[in-house]
Amino acid sequence: MGRPKLKEIVINRDWCKGCGVCIHFCPKHVLEKDAFDKVVATHPENCTCCKLCEIRCPELANEIITED
Amino acid sequence: MGRPKLKEIVINRDWCKGCGVCIHFCPKHVLEKDAFDKVVATHPENCTCCKLCEIRCPELANEIITED
Amino acid sequence: MGTREFIRERFFPHMWCPGCGHGTVLNCLLRAVEELGLDKSNIVVTSGIGCSARISGYVDFHSLHTLHGRALAFATGVKFTQPELTIITPMGDGDALAIGGNHFIHAARRNIDITAIVMNNRIYGMTGGQYSPMSCEGDIATTAPYGNIDNAFDSVKLATAAGASFVARTTTYHAKEGISILKKAIRHKGFSVVEFLSQCPTQYGRRNQMTDATSMLEYFKTHTVPIGSEKAKGNPEILERGIFVEEVRTEYCEGYEAMIEKISS
Amino acid sequence: MGTREFIRERFFPHMWCPGCGHGTVLNCLLRAVEELGLDKSNIVVTSGIGCSARISGYVDFHSLHTLHGRALAFATGVKFTQPELTIITPMGDGDALAIGGNHFIHAARRNIDITAIVMNNRIYGMTGGQYSPMSCEGDIATTAPYGNIDNAFDSVKLATAAGASFVARTTTYHAKEGISILKKAIRHKGFSVVEFLSQCPTQYGRRNQMTDATSMLEYFKTHTVPIGSEKAKGNPEILERGIFVEEVRTEYCEGYEAMIEKISS
Amino acid sequence: MEENVVFVQGNEACAEGALYAGIGFFAGYPITPSTEIAEVLAGRLPRRGGRFIQMEDEISSMCAIVGGSLTGNKVMTATSGPGFSLMQEALGFAVMAEIPCVIVNVQRGGPSTGNPTHVGQGDVNQARWGTHGDHSIITLSASNHQDVFEMTVHAFNMAETYRTPVILLFDEVIGHMREKLIIPEPGSLPVVDRLRTSVKRGVDYHPYLPREDGRLPMSDFGGDHRYNVTGLYHDMWGFPSSNPQVVESLLNHLMDKIETNVHDITRYKEKYLEDAEIILISFGSAARSALHTVENRRSRGEKLGYLELQSIWPFPSSMVREKCASAKRIVVVEMNKGQVTDAVKAAVENPERVFLANRIDGELISPTNIKNILRIIQGKGV
Amino acid sequence: MEENVVFVQGNEACAEGALYAGIGFFAGYPITPSTEIAEVLAGRLPRRGGRFIQMEDEISSMCAIVGGSLTGNKVMTATSGPGFSLMQEALGFAVMAEIPCVIVNVQRGGPSTGNPTHVGQGDVNQARWGTHGDHSIITLSASNHQDVFEMTVHAFNMAETYRTPVILLFDEVIGHMREKLIIPEPGSLPVVDRLRTSVKRGVDYHPYLPREDGRLPMSDFGGDHRYNVTGLYHDMWGFPSSNPQVVESLLNHLMDKIETNVHDITRYKEKYLEDAEIILISFGSAARSALHTVENRRSRGEKLGYLELQSIWPFPSSMVREKCASAKRIVVVEMNKGQVTDAVKAAVENPERVFLANRIDGELISPTNIKNILRIIQGKGV
Amino acid sequence: MEKFRMVFSGSGGQGVITAAIMMAEAAVIHEGLIAVQSQSYGAEARGGATRSDIIISDKPILFPKVTQPNVLVCLTQEAYDKFSPIIRPGGLLLADDRYVMPRKKVDAKQVNLPMYQTVMEKIGNPIVFNICMLGALIGLLNIVRTESVLAIIAKRVPEKYVEMNQQALDLGVSMAVPLRS
Amino acid sequence: MEKFRMVFSGSGGQGVITAAIMMAEAAVIHEGLIAVQSQSYGAEARGGATRSDIIISDKPILFPKVTQPNVLVCLTQEAYDKFSPIIRPGGLLLADDRYVMPRKKVDAKQVNLPMYQTVMEKIGNPIVFNICMLGALIGLLNIVRTESVLAIIAKRVPEKYVEMNQQALDLGVSMAVPLRS
Ligand SMILES: Cc1ncc(C[n+]2csc(CCOP(=O)(O)OP(=O)(O)O)c2C)c(N)n1
Ligand SMILES: Cc1ncc(C[n+]2csc(CCOP(=O)(O)OP(=O)(O)O)c2C)c(N)n1
Ligand code: SF4
Ligand code: SF4
Ligand code: SF4
Ligand code: SF4
């Protein structure tokens with residue numbers, strides 16, 4: 001399988017409540033909050049697809065889509 | 001204190017229900033049932049005043065009175 | 001006789017069946033109280049509903065005969081509002097651990113200074129022989145006509161896990177040990193649990209090949225051993241007796257007093 | 001996204017507060033179910049009342065949102081009458097262990113094949129921040145304004161003592177571990193308990209110097225260790241995570257089936 | 001035929017009725033004087049592939065039968081006063097979530113632990129009002145074992161028809177007494193089965209949307225439809241809502257489905273009402289003494305009539321009003337402080353005609369007791 | 001003076017009333033919308049040497065306060081519908097064992113979990129009949145915070161006077177709303193203290209033998225007299241008995257001590273009743289809208305009158321009958337399906353004059369709602 | 001037929017209630033009669049002195065309790081002392097020699113039989129004492145036929161004990177028949 | 001005096017209810033007025049959109065709910081969309097610039113102030129946003145005096161925060177006074 005490759009980081013803005021969990025614990029600082037307190041992926045290029053943000057997000061708002 | 005000496009074995013006949021617990025477990029076979037299924041002390045002379053009959057009796061019907 | 005002083009004689013002979021172990025538990029309890037030299041007017045006995053629960057009517061202490069399973073909840077109200085009193089709460093196994101299980105674990109968790117005696121005859125005596133959460137697998141009961149499939153609680157483990165700071169087990173056969181354990185339990189500051197294996201010849205014995213009290217006591221004699229005995233190892237049929245837990249930990253009412261002190265200073 | 005298939009999307013965003021750990025528990029549960037490849041129509045989720053209990057409305061399984069504390073009693077009725085179903089019972093810590101404590105220990109005793117998830121945020125979230133039987137000493141709560149004096153249960157010990165055949169603990173920080181534990185718990189035949197430390201920033205964090213979800217997750221990260229780690233020894237502040245009990249024992253419905261077989265032969 | 005005649009306790013007759021009705025699951029906790037119902041079913045259910053469980057208390061028993069009903073079973077629990085009090089919260093859940101189930105309360109002397117081995121009929125109003133919040137409930141009773149059997153079957157039928165808990169209110173005398181029971185042939189009594197939805201998998205199923213005829217077909221847990229069941233006010237899919245319209249219409253539905261069907265639910269027995277000057281109204285074991293009294297007086301030419309309520313809630317007000325229209329005196333015979341008496345007073349014209357003949361000391365009211373009370377009511381002293 | 005004016009929730013007013021009455025012990029379990037009562041007392045009681053405990057559930061809360069009462073404390077618990085249902089068994093114990101205690105039920109929408117954050121008044125009949133077995137009970141209510149305070153004090157007074165549990169039935173609107181409360185100076189409201197026996201140690205004390213005046217002096221647990229307390233029928237020493245005479249006389253005592261003192265227990269408020277053609281009867285938050293309506297119409301010359309029941313059980317039948325004697329119409333304003341309406345109908349002459357103005361959707365009934373219903377009642381349509 | 005209003009009384013383990021049930025069941029199942037049987041309990045389901053009421057008739061029985069028995073059986077002194085005052089004048093009072101010493105004047109036909117003693121002598125097992133009592137009653141009165149009771153015994157009693165029960169029943173009948181009035 | 005029927009609305013953490021309580025309490029304790037305050041809850045004790053009703057008057061207030069507010073405060077768009085339709089014609093609608101974009105035509109005086117922004121700029125702590133809103137309301141209307149609210153703040157707020165609150169209150173007043181009609 002090898003290391004998965006990122007296709008897209010999808011944030012469901014209607015669901016995200018801006019708790020910051022994904023941002024804080026992202027080992028690569030991929031994510032940030034915007035002016036509306038919603039998450040955006042500002043550095044997708046650093047994403048290692050560990051998916052920790054996805055599985056920790058309390059809102060199911062965060063999705064790391066990999067190529068496969 | 002030494003070994004206590006028996007003064008009297010008192011059986012409260014109104015309370016004894018003849019369950020036989022005291023008789024069965026008396027190490028010296030001091031007690032027996034009479035025709036009315038009540039306990040009587042037939043061999044008080046063997047009593048060692050261990051008081052096991054007294055403390056096991058579910059009816060508080062059994063009393064080993066010692067001299068002191 | 002010393003025990004007479006502590007009972008309400010007019011209700012004797014009591015209503016328990018011939019050979020019922022509950023009488024022996026009463027007997028041991030009275031002797032423990034006597035030997036401890038406690039003041040009758042300083043003791044409150046609360047009980048629930050069951051044959052066992054009738055014990056509260058027989059003792060000449062303050063007595064509170066409550067609802068099935070709820071003795072410890074009432075007792076908590078008594079103790080917490082009047083911490084100087086000595087509270088003793090004898091319960092049947094159904095009373096303590098079926099309907100009353102929650103109050104049991106919560107009283108243990110709080111470590112409130114109550115002595116809980118579980119008069120464990122592994123059956124519902126008063127209602128006529130249904131299985132209890134202490135009935136063993138295969139036991140016959142009116143509601144387990146083909147043999148009980150439920151597992152039994154180990155009340156010692158349960159009480160310990162829930163937080164009781166004194167936990168012990170004994171049997172009506174081992175009455176001397178019972179008295180000495182009860183004395184320690186009552187003296188212990190904190191929640192104490194004493195499980196007393198107690199025979200019910202009428203509802204349990206009759207259905208389970210033990211026709212009378214003596215054969216049940218023989219069973220207690222042969223199927224229990226002091227804590228740590230080799231015999232118990234690997235043999236689930238053999239139960240250990242003795243004091244399993246005896247620890248000094250903050251008692252609930254004391255904790256509350258300490259809080260009051262803290263905020264008023 | 002796989003999880004979408006298992007939820008009732010029309011109720012999203014859900015009603016939990018920003019950063020509430022219960023959402024992460026939901027997240028983990030959905031992934032566990034997905035990875036196990038279970039049929040949605042074969043799963044019943046029963047829950048009680050509390051923030052946690054709202055989880056049953058969000059999952060697209062058969063869902064039974066019951067009474068505060070009673071989820072396991074309802075679940076027992078479902079499972080016992082339809083043993084092929086997979087039953088998952090997420091509960092708040094108050095739900096599971098305060099008002100629901102008795103059903104918890106009895107379901108464990110019976111070893112009935114239900115997966116009980118204790119979403120432990122150490123507080124009553126839904127009613128606004130009262131202490132729970134999992135609150136720690138000194139915790140501030142609306143009903144413990146001077147600091148909690150109650151001891152907390154150790155749910156792992158309690159479940160084990162009561163008879164659960166699978167007992168584990170994890171946290172919302174350790175979501176991957178959480179998924180893997182949930183998978184094992186669901187697959188396990190018998191009563192499984194998974195305690196999930198879950199943050200309530202609103203009612204617990206705010207009052208206890210942890211202002212947001214991330215600081216609470218940091219706490220879970222630094223204050224828990226895998227079972228057996230040296231760090232936990234002698235430090236009551238550090239909790240162990242992992243699977244504490246995983247044993248094969250007769251499951252309740254199977255025991256009943258066996259009895260039916262026995263009497264009909 | 002012979003095998004169908006048995007000599008049993010009322011509690012056994014109740015268990016037999018439940019088996020006849022097709023009970024699949026019983027959960028309970030022992031309590032005098034109801035325990036024999038559980039004991040019989042503990043022996044019989046496993047032999048038929050049914051399920052019996054003794055729960056840790058009455059609360060969980062009530063919860064468990066609701067769970068068992070949702071998988072498609074006819075379910076029952078049995079208890080007495082203290083246990084019935086404990087069941088009230090979960091009973092309300094069954095009302096709200098519209099779960100068919102039968103709760104037997106074999107009444108003993110209350111309040112509280114009361115007089116456990118003696119008879120009482122003091123839980124009549126509790127059956128109606130014991131759980132919090134407005135609601136309606138079906139409550140049945142019986143005075144002999146054949147009726148116990150039939151009313152048990154009727155209870156299951158009503159529970160299934162109206163998707164509601166039904167309470168059977170017997171009493172210690174009926175529960176413990178033994179008399180003859182003829183177990184009817186299968187098919188000779190109507191048995192209402194669980195109405196299941198015909199909506200196919202994948203099609204939107206509305207568990208809480210009544211059909212044209214008012215009934216709500218169910219779908220078993222584990223079956224094709226994954227819906228939600230809650231004790232909160234909820235919409236037609238079962239999802240929580242506090243929308244005022246939803247709340248109002250659900251509460252109205254819960255009450256109306258029962259209150260407007262009082263005619264279908266009502267069961268009663270009457271004798272000599274046509275020309276009766278004094279009507280004795282009664283239920284449960286007290287009704288035996290009432291009927292005894294009526295028969296006795298009739299044989300002496302006195303115009304007494306007998307009306308036995310086999311369904312108490314919803315109270316059959318119009319039936320009672322009509323039957324009592326021309327009676328001079330209406331005497332309610334019950335073993336409490338007048339709970340049905342109050343309902344009768346509220347139902348009839350000129351309630352000053354209504355009197356209470358009761359006994360509350362734990363003993364079965366006897367024909368002699370009734371005779372003496374009648375003398376007083378008639379102004380004759382004792 | 002200034003310090004005695006506070007701006008608080010109704011739940012806080014209740015806690016303040018309890019403190020004023022001398023509460024020594026509170027045990028409870030949180031539930032919306034009553035929780036603030038516990039929260040206030042959790043902060044206040046320890047500061048006065050009193051005791052607060054959060055129990056594991058409502059059952060144990062009710063049991064604990066009974067235990068705490070027996071050591072000589074004034075005690076209270078507070079809950080809402082689901083918790084109140086769970087308390088019923090232990091409430092019956094308090095009735096039977098004659099234990100003074102106060103139970104607050106801040107009503108929300110029922111049945112079952114219902115509509116937890118919305119108002120309802122559906123537990124009125126449950127307060128009367130929720131526990132099994134015949135019994136009597138005192139139930140009070142209030143419609144503003146000054147009254148909440150006073151009725152809480154009255155509840156403690158009645159509990160101590162009659163050695164009985166007293167139920168305070170508020171509702172979500174009253175509990176959560178904030179308004180002004182003037183805390184009376186100590187001594188300005190009567191406070192009934194625990195009546196303790198004067199029987200000396202060693203002399204036979206009868207905990208269950210009423211004095212000449214009907215009251216039963218108590219002896220604290222831990223004090224001079226060791227007696228028995230049980231939920232079984234019992235003799236004058238508190239020991240179990242199923243002797244029919246003992247049973248009958250105890251039940252009669254339990255009912256009579258309350259029913260015959262309805263006059264002493266009753267609290268109500270009235271306005272403009274003398275010449276009222278339409279009387280609005282109400283209680284709790286609904287009474288605010290009823291009074292609003294009455295004031296409004298009076299200012300326009302219409303002959304409306306207002307009667308607020310601050311005590312509901314024992315139902316003040318004769319008071320209501322008298323007050324309503326000459327009204328053309330009696331409209332009961334309540335947020336349920338007519339529970340007090342039924343009691344009013346049973347109380348008054350010509351019950352066809354009695355109408356129900358209600359709202360059951362979780363919203364507070366408004367003066368506009370009442371206006372519309374009045375129009376219909378008056379035959380004017382909407 | 002005559003209406004039998006019977007009270008069987010004794011103490012806990014004596015099988016008084018079982019005997020009452022058997023008698024009534026025999027009447028219903030095998031004699032086509034109508035019967036009701038009920039019992040008093042002590043606290044909850046147990047207690048000291050036991051009492052069972054049986055009414056047997058060929059007409060419907062409504063009130064199931066017996067206030068004045070025309071047949072009273074007392075197997076203990078306590079039961080005798082408690083219940084003998086309520087016997088209907090002219091009724092039959094059957095008691096056991098060993099346990100009961102008739103002390104009071106009773107306006108009834110008193111029959112004291114050495115049932116216990118005979119059972120112990122002839123059979124050696126006190127468990128069938130109650131069945132012997134049933135036999136005696138049948139011997140004294142025309143309530144039900146021996147065969148009917150036997151049929152019930154056969155149904156209710158484990159096979160290996162049936163014979164012993166039958167023996168006890170016959171013993172009772174044979175003791176009583178000579179006394180039949 | 002005029003009767004103020006006010007609705008404060010916003011989202012969970014914005015302190016809408018606290019502000020409502022302070023306003024009403026100030027009126028009662030320090031102005032000798034009559035006031036009632038109530039709030040709506042979501043599921044049990046929590047929920048999304050928050051609403052608090054306040055009525056202030058010099059006459060007794062019976063019905064405590066506000067059906068048609070003459071003063072409406074909306075601190076979020078959701079709240080604005082939900083509640084703006086119920087405002088009494090001619091009433092006052094106060095909203096925050098940042099959160100609310102007035103979309104509909106409302107028959108009321110709409111005042112949109114940059115309260116949040118100003119608080120953040122001048123004080124830097126969003127926690128006193130609600131107090132600034134109170135100040136603005138006081139600036140716009142003669143409901144209660146600033147000192148009264150200040151007295152309440154002094155009682156309810158930890159000492160170290162009192163000044164910050166006062167600042168926010170003043171900020172609000174000063175933003176609003178120019179707009180006073
Ligand atoms: C709420 C309630 N449920 C059930 C009962 C009936 N009941 C009385 S005692 C009892 C159980 C007795 O068993 P246990 O507690 O083990 O005591 P034992 O009689 O064996 O001493 C039961 C189920 C009751 N009184 N109250
Ligand atoms: C019988 C009953 N008592 C009390 C309540 C009120 N109540 C609802 S949820 C809850 C506790 C919530 O705490 P927890 O179970 O820990 O779950 P959380 O909300 O923290 O997820 C309480 C006390 C209730 N609904 N029913
Ligand atoms: S964890 Fe989820 S809810 Fe929280 S900020 Fe990230 S995407 Fe938003
Ligand atoms: S133990 Fe007691 S009751 Fe039993 S036989 Fe001996 S004296 Fe009698
Ligand atoms: S039934 Fe059992 S527990 Fe009860 S008194 Fe008899 S022997 Fe004891
Ligand atoms: S109150 Fe706590 S538990 Fe409830 S949703 Fe908010 S954060 Fe979660």
Side-chain angles (χ1 to χ4, degrees), chain E residues 59 80-86 88-89 91-97 105 107-118 120 122-123 125-126 128-135 230-233 242-248 251-252 254-255 336-337 339 342 345-346 351 359-363, chain F residues 59 80-86 88-89 91-97 105 107-118 120 122-123 125-126 128-135 230-233 242-248 251-252 254-255 336-337 339 342 345-346 351 359-363:
Chain E
I59 295 176
S80 186
F84 193 54
S85 286
L86 289 171
Q88 291 303 328
E89 192 202 13
L91 176 62
F93 181 90
V95 167
M96 186 58 131
N105 173 355
Q107 293 170 96
R108 60 193 219 180
S112 197
T113 316
N115 207 358
T117 53
H118 289 70
D123 305 349
N125 276 335
Q126 186 194 26
R128 175 69 188 86
W129 296 112
T131 194
H132 62 281
D134 256 305
H135 62 281
T230 179
L232 289 161
Y233 277 93
S242 57
N243 176 309
Q245 276 97 56
V246 171
V247 171
E248 180 177 315
L251 180 52
N252 281 331
L254 292 178
M255 306 220 28
N336 59 45
K337 299 286 279 185
Q339 300 184 16
D342 286 346
K345 279 187 183 159
R359 190 161 178 174
I360 54 165
D361 64 357
E363 304 292 324
Chain F
I59 296 176
S80 186
F84 193 54
S85 285
L86 289 171
Q88 292 303 329
E89 192 201 10
L91 176 62
F93 182 89
V95 168
M96 186 60 132
N105 174 355
Q107 294 169 96
R108 62 191 217 181
S112 196
T113 316
N115 206 359
T117 54
H118 289 72
D123 305 349
N125 277 336
Q126 186 194 25
R128 175 69 188 87
W129 295 113
T131 193
H132 63 279
D134 256 306
H135 62 283
T230 179
L232 289 162
Y233 278 93
S242 56
N243 176 308
Q245 276 98 58
V246 171
V247 171
E248 179 176 316
L251 180 53
N252 281 330
L254 292 177
M255 306 220 28
N336 59 43
K337 300 285 280 183
Q339 299 184 17
D342 285 345
K345 278 189 183 160
R359 190 161 178 174
I360 55 166
D361 64 357
E363 303 293 323

Checking [X] against chain F: side chain, backbone, both or neither under 4.5 Å from a heavy atom?
{"X": "Gln107(E)", "answer": "neither"}
{"X": "Phe84(E)", "answer": "neither"}
{"X": "Asn252(E)", "answer": "both"}
{"X": "Lys337(E)", "answer": "both"}

Do you know which of [options] has the most heavy-atom pairs with chain E at a distance under 4.5 angstrom?
{"options": "Leu91(F), Asn243(F), Asn115(F)", "value": "Asn115(F)"}
{"options": "Val95(F), Asp134(F), Asn336(F), Asp123(F)", "value": "Asp134(F)"}
{"options": "Met96(F), Glu89(F), Arg128(F)", "value": "Glu89(F)"}
{"options": "Glu248(F), Gln126(F), Gln88(F), Gln339(F)", "value": "Gln126(F)"}
{"options": "Arg359(F), Gln245(F), Met255(F)", "value": "Met255(F)"}
{"options": "Gly110(F), Ala94(F), Pro111(F)", "value": "Pro111(F)"}

Run the side chain to side chain contact (heavy atoms under 4.5 Å, CB included) test on Ser112(F) and Leu232(E) for me, step by step, so that the C-alpha distance in whole Å, both residues' side-chain angles and the decisive distance to 0.1 Å come before the verdict. CA-CA 7 Å; Ser112(F) 196; Leu232(E) 289 161; over 6 Å; no
Which heavy atom of Val247(E) sits nearest a heavy atom of Tyr233(E), and at what distance?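 Nearest heavy atoms, Val247(E) then Tyr233(E): O-CE2, 3.4 Å.
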Nearest 0.5 Å, please: how far is CG in Asp342(E) from CG in Asn125(E)?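 If I round to the nearest 0.5 Å, the distance is 7.0 Å.
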Applying side chain to side chain contact (heavy atoms under 4.5 Å, CB included) to Thr131(E) and Phe93(E), what does each step give before you reach the verdict? CA-CA 9 Å; Thr131(E) 194; Phe93(E) 181 90; over 6 Å; no
Report the option among Gly122(E), Gly362(E), Gly130(E), Gly114(E) that has the most heavy-atom pairs separated by less than 4.5 Å from atoms of chain F.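 Of the candidates given, the most pairs with chain F belong to Gly114(E).
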Say whether, by atom type as modelled, one donor and one acceptor occur between the side chain of Ser85(F) and the main chain of His132(E) under 3.5 angstrom.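 The answer is yes, because a donor-acceptor pair under 3.5 Å joins these two groups.
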